[in-house]
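Since the structure comes first, as structure tokens, the remarks are kept for the end.
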Amino acid sequence: MPLRVFNTLSGRKEAFVPVTPGKVKMYVCGVTVYDHTHIGHARANVVFDIIFRYLQWIGYEVTYVRNYTDIDDKIINRANKEGVPFREISERFIREFDLDMKALGLELPTCQPRATEHIADIIRLVDTLVEKGMAYQAGGDVYYCVEKFDSYLKLSRRTLEDMQAGARIEVDERKRHPMDFALWKEAKPGEPFWESPWGKGRPGWHIECSAMSMKFLGETFDIHGGGKDLVFPHHENEIAQAEAATGRQFVKYWLHNGFVNINSEKMSKSLGNFFTIKEVLSRYDCEVLRLFLLSAHYRSPLDFSDQNMAEAASGMERIYGTLARIDEALAGKQAETSSLSDGNPLNESESELLEKTESLLDRFKEAMDDDFNTALALGNVFDILRCINKVLGESSVPSEKTVSILAHFRSDIREIGKIIGIGISVPSAYLEKIRGDRLNRLEITEEEIIKLIEERASARKTRDFRRSDEIRDLLIAKNIILLDSAQGTSWKVK
RNA sequence: GGCGGCGUAGCCAAGUGGUAAGGCAGAGGUCUGCAAAACCUCUAUUCAGCGGUUCAAAUCCGCUCGCCGCCUCCA
């Protein structure tokens with residue numbers, strides 16, 4: 001089945017056919033660098049990172065451009081507040097953004113242009129629009145004339161009348177139409193500026209993305225992404241600018257990710273309910289956050305809450321718990337993955353496992369081909385983990401056949417991990433880390449635990465179960481759970 | 001007011017015409033000295049409600065109710 005994507009422009013899923021066969025050109029709106037990135041940025045960037053990786057995995061040569069908006073009113077405001085040059089603010093938060101994206105495990109886009117590095121391209125584009133009569137100068141500002149662009153608002157499928165019906169009336173004498181937006185803004189005294197045909201000023205918010213995306217990807221390219229909130233006005237205005245300038249279709253497929261809510265409320269600075277990526281990653285492992293973000297479809301709203309994150313953490317432990325068992329079973333064995341179905345007949349659960357293992361990548365592809373359905377893809381993975389646990393639980397020593405199947409699975413799950421960034425750690429190390437993190441929050445040291453376990457072991461040897469249970473209860477009271485097995489007693493933190 | 005989306009088990013969630021994936025939580029069982037882990041079984045005759053189309057609907061259409069987003073900076 002070919003890839004299908006939900007295109008905001010048409011409001012439906014469409015077969016994905018790139019402009020140039022075999023190649024995908026993709027642009028995603030990055031951040032305005034004036035503050036720390038939050039969980040909403042995490043979602044948008046994780047989603048498009050996975051789309052980027054998936055497109056490459058299915059064989060496309062992908063050019064992925066993600067910009068930094070490094071000149072903007074909000075940056076200037078913050079700079080004024082701190083009494084520093086605007087570049088100090090933008091540089092600082094570009095660094096922070098890069099660190100956060102790295103911490104989330106994202107790949108670098110093909111290029112990450114900055115608005116201030118493309119002022120000449122921006123001026124050229126504004127100039128073209130003025131020449132074509134699509135924009136007009138008003139003082140030192142230049143505005144885009146929305147009424148002259150026939151298909152304005154086609155992305156949100158609204159009309160200028162619709163928009164104004166509920167809009168606040170904000171009269172700006174210099175605008176010919178209230179919906180006209182700034183392409184170029186005159187610099188007020190003390191503000192950063194660049195020389196232009198209209199005097200000293202800076203670009204408006206939307207023009208940089210039209211200019212930079214076309215510069216790197218051409219006048220018509222395949223995918224343009226961003227959060228749902230960018231549909232209007234940002235993307236609508238990008239279309240207006242680009243298509244009026246070139247007379248061609250700007251973007252073929254518009255992809256928009258849903259919002260992250262906090263306890264069912266919209267995240268916003270005024271409500272004070274937003275979480276930065278740094279805060280979240282200090283409390284949860286990066287893969288836990290990714291599992292949470294990918295557990296719902298990228299277009300759905302997603303509710304960030306302690307309970308939902310705790311569920312993701314449990315899910316992650318389940319994944320690594322099983323992967324660790326697999327690695328144990330495979331340790332020191334040379335599995336012949338090429339000969340899965342000859343030799344002794346498989347029992348029922350082994351057959352089921354074989355079938356699910358052999359179809360795993362196909363089912364992964366099928367899920368991802370359906371508008372990047374990561375939730376379904378993850379469901380398939382959990383399903384097969386259950387099968388594996390079942391097979392491993394049936395005998396203490398897995399058969400050679402089972403080992404082969406597991407080796408096959410292990411290799412495929414690594415392949416999937418390369419795209420979704422989940423299950424890519426060394427399982428024993430992950431579990432160890434989780435245990436360590438939790439242990440740090442308890443009032444008991446590892447040495448004390450091990451000592452108590454040893455004492456319990458000797459008590460059990462002499463069948464002194466009273467003392468043995470006493471020790472176990474003591475540890476349970478401290479959130480330490482003991483796991484007895486043939487190999488001895490291990491422990492984990494609740 | 002206009003435009004758009006959503007409503008699937010206690011919670012999260014997939015499923016857009018063929019008879020309800022998966023996760024978390026819970027109950028019973030196997031195992032265990034007892035537990036835990038793991039496994040097995042169970043937990044939605046039903047998809048907000050009502051009506052319609054169809055051999056067949058959670059899926060399509062209409063209406064009602066409820067929630068949310070956008071229309072202003074925002075991932």
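Chain A is the first sequence line, chain B the second, and so forth, proteins listed ahead of strands; every chain is numbered from 1.
Here Phe250(A) and Phe221(A) bring their ring centres to under 6.0 angstrom of each other.
Val231(A) comes within 4.0 angstrom of nothing in the nucleic acid, heavy atoms only. Here Gly258(A) lies in heavy-atom contact (under 4.0 Å) with a base.
Within the structure, no pair that satisfies the ring pair (Phe, Tyr, Trp, His ring centres under 6.0 Å) test touches residues 453-494 of chain A, not counting sequence neighbours. Under the ring pair (Phe, Tyr, Trp, His ring centres under 6.0 Å) criterion, the residue pairs touching residues 357-380 of chain A are Trp57(A)-Phe364(A), with sequence neighbours excluded. Listed by first then second residue, pairs satisfying ring pair (Phe, Tyr, Trp, His ring centres under 6.0 Å) with a partner in residues 276-319 of chain A read Phe275(A)-Phe304(A), Phe292(A)-Phe304(A), not counting sequence neighbours.
Residues passing the side-chain hydrogen bond (donor to acceptor under 3.5 Å, both in side chains) test with Asp150(A), sequence neighbours excluded: none. Under the ring pair (Phe, Tyr, Trp, His ring centres under 6.0 Å) criterion, Phe48(A) pairs with no residue at all, not counting sequence neighbours. With sequence neighbours excluded, no residue satisfies salt bridge (charged side-chain N to carboxylate O under 4.0 Å, His left out) with Asp473(A). In terms of the salt bridge (charged side-chain N to carboxylate O under 4.0 Å, His left out) criterion, residue partners of Glu432(A) (sequence neighbours excluded) are, by chain and number, Arg435(A). Evaluation of the side-chain hydrogen bond (donor to acceptor under 3.5 Å, both in side chains) rule for Glu96(A) yields Lys278(A) as partners, not counting sequence neighbours.
For the residue pair His235(A) / His206(A), no side-chain donor-acceptor distance below 3.5 Å is found, with atom types taken as modelled.
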Produce the list of close N/O pairs, under 3.5 Å, pairing protein atoms with atoms of nucleotides 29-31 of chain B; give distances to one decimal.
none

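For RNA chain B, the residues of residues 467-474 of chain A within the heavy-atom distance limit of 4.0 Å (strictly under) are Ser468(A), Asp469(A), Arg472(A), sorted by number. Only at 4.0 angstrom or more do the heavy atoms of residues 106-116 of chain A sit from any atom of RNA chain B, so none qualifies.
Contact of Asp484(A) with C34(B) (side chain to base): a donor-acceptor pair of N or O atoms is detected under 3.5 Å.
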(message) Using a 4.0 Å heavy-atom cut-off to protein, can you give one letter per nucleotide of nucleotides 4-22 of chain B, 5' to 3': B if the base is in contact, S if only the sugar-phosphate is, - if neither?
(response) -------BSSSS-----BS
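For CD of Glu328(A), the number of neighbouring non-hydrogen atoms (other residues, nucleotides, ligands) closer than 6.0 Å is 12 at most.
One finds a side-chain N or O of Asn389(A) lying less than 4.0 angstrom from the OP1 or OP2 phosphate oxygen of C39(B).
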